[in-house]
Amino acid sequence: LKVVDSHDEL
Amino acid sequence: MNIFRFAGDMTHLISILVLLLKIYATKSCSGISLKTQELYALVFLTRYLDLFTDFISVYNTIMKLVFIASSLAIVWCMRMHRVVRRSYDKEIDTFRHYFLILASFLLAVLVHEKFTFQEIFWAFSIYLEALAILPQLVLLQRSGNVDNLTGQYVFFLGAYRAFYILNWIYRYFTEQHFSRWIACLSGIVQTALYADFFYYYFISWKNNAKLQLPA
């Protein structure tokens, strides 16, 4: 599991 | 997370709960487009491909699971449930939604953030969501009278992306190099498609009358 913020929206 | 996005997610959740309530309480799916529900199930399945590989937050993961599970449950209910499926307006839910899938996929192959499997399907899901409501809006116009729960379902479904537009504006001004052009432009198109529905919904609310869409 890598924590990303690319698509942090639903 | 900001208040606009949270309000958008909650409005989206409410729209799904209203739809589930309508189907469960009335044991009927009249006035609901199965094609729109199928498109939404496809939107969630292709958007959340990173469900098991990327972790954003517990909230994010739970909401993704809720959206995928509820959209599949609604499609199952409308197709397989022996009581509900009888009330499906098959003869007027005739929008050729395969064209929407094809158009969205072609656009996603051309316009995406990165040319990777996951990003192309993410862009596909964004474009498809903008168009997914069309079969439902067409069905409402054909079926004339709209029952309250169906009207509220479409209203909340349209309102949630409007909150997301406020969220993108807010993030644009508060975060450096924030750019979500694909989602933002697609979200504007999506919300614009509801414009005439919102107008008639407001009129019916103001006159306290039944929601009537012109044929």
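Chain letters run A, B, ... following the sequence lines, proteins first and then strands; every chain starts at 1.
- A 6.0 Å sphere centred on OH of B:Y170 holds no more than 12 heavy atoms belonging to other residues, nucleotides or ligands.
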(Q) Does B:R171 form a salt bridge (charged side-chain N to carboxylate O under 4.0 Å, His left out) with A:E9? I'd like the steps, not just the answer. (A) CA-CA 12 Å; B:R171 293 187 76 178; A:E9 297 179 345; 2.7 Å; yes

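- When all heavy atoms of A:D8 and B:R5 are compared, the pair lying nearest together is O-NH1, 3.1 Å.
- Contacts with chain A (heavy atom to heavy atom, under 4.5 Å) involve these residues of residues 153-169 of chain B, listed by number: B:R161, B:Y164, B:N167, B:W168.
- For OH of B:Y59, the number of neighbouring non-hydrogen atoms (other residues, nucleotides, ligands) closer than 6.0 Å is greater than 12.
- Residue B:K27 qualifies as enclosed at atom NZ: its count of foreign heavy atoms under 6.0 Å is above 12.
- When the shell of 6.0 Å around CZ of B:F6 is examined, it contains 12 or fewer heavy atoms from other residues, nucleotides or ligands.
- Using a 4.5 Å heavy-atom cutoff, the side chains of B:N60 and A:H7 are not in contact.
- Looking only at side-chain heavy atoms (C-beta outward), B:H12 and A:L10 stay at 4.5 Å or farther from each other.
- For B:F67, the part sitting under 4.5 Å from any heavy atom of chain A is the side chain, from C-beta outward, and nothing else.
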